[in-house]
*Asks:* 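One structure coming up, written as structure tokens, with questions to follow.
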Amino acid sequence: MESPLTGRHFLSITDFTAEEIELVLETARRVKRHPSDYTESMRRRVLAMIFQKPSLRTRVSFETGMAQMGGHAIYLAPSDISLGTREIPEDVAKVLSRMADVIMARVFGHHLVEELAEYATVPVINGLSDYEHPCQILADLQTIIERKGQLDGLRACYIGDGNNVAHSLMVGAARMGMHMTVITPPGYAPKAEVTEKAQQIGQASGARITATTDLEATEGADVLYTDVWASMGQEDEAKARKRIFQAYRIDAETMERADDDAVILHCLPAHYGDEIDYTTSRLPNSAIFDQAENRLHAQKALLLHLLGET
Ligand code: CP
Ligand code: NVA
């Protein structure tokens, strides 16, 4: 049976229903357990990867994923395309659609992945924009299930900046029925429209989604998540943010308040000593490297669904 996701774009985690996310996660579990069943699945398929920003995990997981499934990935560095300056997104999307089977783009403005998707005739995957990081959240959900056996009804807390990762986590958690509290310093909350959307989605799944500045809100959390205080493109603000965000971190004190078995997550790269200290990141509760590895499995599953090869 053809996947309901065949030919679709993946710009936001909200592009998929809860059932569709379950489908991808189920495939990700299978791919992780039996990678040798998929060595020919992407035969003669090509993934074009557009990068406006640096990457370790996203680039290597997509490139390795395609290679392991018999396909090929082309890395297009920021200076190769100069998306939006050397060439308009419409033309990039139309040209790549004539040559590649799927496009992945890591961009600054979210409008760029939207424009690529508007004009591409092949699936477009958001590999991180300033607004969302949906591929990361697929791997995060897979990791939480591995550690906790479920998502529904868990209490997750994100501490730090109300950024792209926080946005995708909120709506992803809402879809899957996982309660989520995003804790940020005043003025750094997630965008109000994202919080509202997540709360609306949560009404259907039973997930309570909250944005607060109160650090005590980590009390009894099952999942603790953090990300850098200054994202790519915000380097100029890094010094000021270091001061403002000082208390908004995962450390021994946060662990005290959370559940004893709380899972620690970080999408990486980490700035140790800032949003998380090195010792805490290495506790047995930490799943940060499983999370990184799951980028590979979750994205192989995503590619299989979008290209109708499940
Ligand atoms: N987590 C993540 O997307 O890592 P990279 O920026 O290294 O791809
Ligand atoms: N919020 C971070 C995530 C990096 C994977 C950034 O956008 O730089």
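For the single chain, residues carry numbers from 1 onward in sequence order. Order of listing sets the numbers, starting from 1, for every ligand and every atom in it.
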*Asks:* Taking the inter-plane angle between the rings of Tyr272 and Tyr278 on a 0 to 90° scale, is it parallel (under 30°), tilted (30 to 60°) or perpendicular (over 60°)?
*Replies:*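 Rings of Tyr272 and Tyr278: perpendicular, as their planes differ by over 60°.
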
*Asks:* Would you say the side-chain atoms of His266 and Ser281 include a donor-acceptor pair closer than 3.5 Å?
*Replies:*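 Their side chains do not contain a donor-acceptor pair, so the 3.5 Å distance test is not met.
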
*Asks:* Assess Lys53 for proximity to ligand 1: is some non-hydrogen atom of it under 4.0 Å away?
*Replies:*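 No.
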
*Asks:* Any nitrogen or oxygen of Ser231, side chain or backbone, less than 3.5 Å from one on ligand 2?
*Replies:*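 Between Ser231 and ligand 2, an N or O pair is found under 3.5 Å apart.
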
*Asks:* Please say whether Cys267 places an N or O atom under 3.5 Å from an N or O atom belonging to ligand 1.
*Replies:*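 The answer is yes, given that Cys267 and ligand 1 share an N or O pair closer than 3.5 Å.
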
*Asks:* For atom 8 (O) of ligand 2, what's the nearest protein heavy-atom neighbour? Residue, atom name and distance, please.
*Replies:*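 That would be Met232 N, 2.8 Å.
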
*Asks:* Between Leu128 and ligand 2, which residue portion shows a heavy-atom distance shorter than 4.0 Å: side chain, backbone, both, or neither?
*Replies:*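 For Leu128, only side-chain atoms sit under 4.0 Å from ligand 2.
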
*Asks:* With a cut-off of 4.0 Å, which atoms of ligand 1 are near a heavy atom of His133?
*Replies:*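 It comes down to these atoms of ligand 1: 2 (C), 3 (O).
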
*Asks:* Look only at interatomic distance and state if Pro269 has a nitrogen or oxygen under 3.5 Å from any nitrogen or oxygen of ligand 2.
*Replies:*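 There is no such contact.
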
*Asks:* Out of all atoms in ligand 2, which are within 4.0 Å of some heavy atom of Asn163? Include the element for each.
*Replies:*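 Matching atoms, with element in brackets: 1 (N).
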
*Asks:* In terms of atom number and element, which parts of ligand 2 are under 4.0 angstrom from non-hydrogen atoms of Asn164?
*Replies:*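 Under 4.0 Å from Asn164, ligand 2 has these atoms: 1 (N), 2 (C), 6 (C), 7 (O).
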
*Asks:* For ligand 1, does Gln136 get within less than 4.0 Å through its side chain, its backbone, both, or neither, judged by non-hydrogen atoms?
*Replies:*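 For Gln136, only side-chain atoms sit under 4.0 Å from ligand 1.
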
*Asks:* What's the separation between atom CD1 in Ile201 and atom NZ in Lys197, rounded to the nearest 0.5 Å?
*Replies:*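 Atom-to-atom, Ile201:CD1 and Lys197:NZ are 6.0 Å apart.
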
*Asks:* For atom 2 (C) of ligand 1, what is the closest protein heavy atom, and at what distance to 0.1 Å?
*Replies:*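 Ranked first by proximity to atom 2 (C) of ligand 1 is Arg295 NH1, 3.3 Å.
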
*Asks:* Looking at Leu56, which atoms of ligand 1 are within less than 4.0 Å of one of its heavy atoms?
*Replies:*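 Heavy-atom distances to Leu56 below 4.0 Å select 5 (P), 7 (O), 8 (O).
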
*Asks:* Which residue holds the protein heavy atom closest to atom 4 (O) of ligand 1, what is that atom called, and what is the gap in Å?
*Replies:*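 Closest protein heavy atom to atom 4 (O) of ligand 1: Arg57 NE, 2.8 Å.
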
*Asks:* Do Leu128 and ligand 1 have an N or O pair less than 3.5 Å apart?
*Replies:*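 Checking ligand 1 against Leu128, no N or O pair falls under 3.5 Å apart.
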
*Asks:* Just to confirm my output: which protein heavy-atom neighbour is closest to atom 6 (O) of ligand 1, and how far is it?
*Replies:*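 Of the protein heavy atoms, Arg106 NH1, 2.8 Å lies nearest.
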
*Asks:* Distance under 6.0 Å and angle within 45° of the ring axis: does Arg59 meet both against Tyr75?
*Replies:*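 Output yes; distance and angle both within limits.
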
*Asks:* Taking only heavy atoms of Asp227, which atoms of ligand 2 are found under 4.0 Å from at least one of them?
*Replies:*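 Result: 1 (N), 2 (C), 3 (C).
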
*Asks:* Please confirm whether Leu268 comes under 4.0 Å of ligand 2, counting heavy atoms of the residue only.
*Replies:*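 Right, Leu268 reaches ligand 2.
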
*Asks:* Could you tell me if the ring centre of Tyr188 sits under 6.0 Å from that of Tyr248?
*Replies:*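 Between Tyr248 and Tyr188, which both carry aromatic rings, the centre distance is not below 6.0 Å.
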
*Asks:* CD of Gln234 to CG of Asp161: how many Å apart, nearest 0.5 Å?
*Replies:*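 Gln234 CD to Asp161 CG: 6.0 Å, rounded to 0.5 Å.
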
*Asks:* Kindly confirm or rule out an N or O of Arg59 lying under 3.5 angstrom from an N or O of ligand 1.
*Replies:*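 In fact, backbone or side chain, Arg59 has no N or O that close.
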
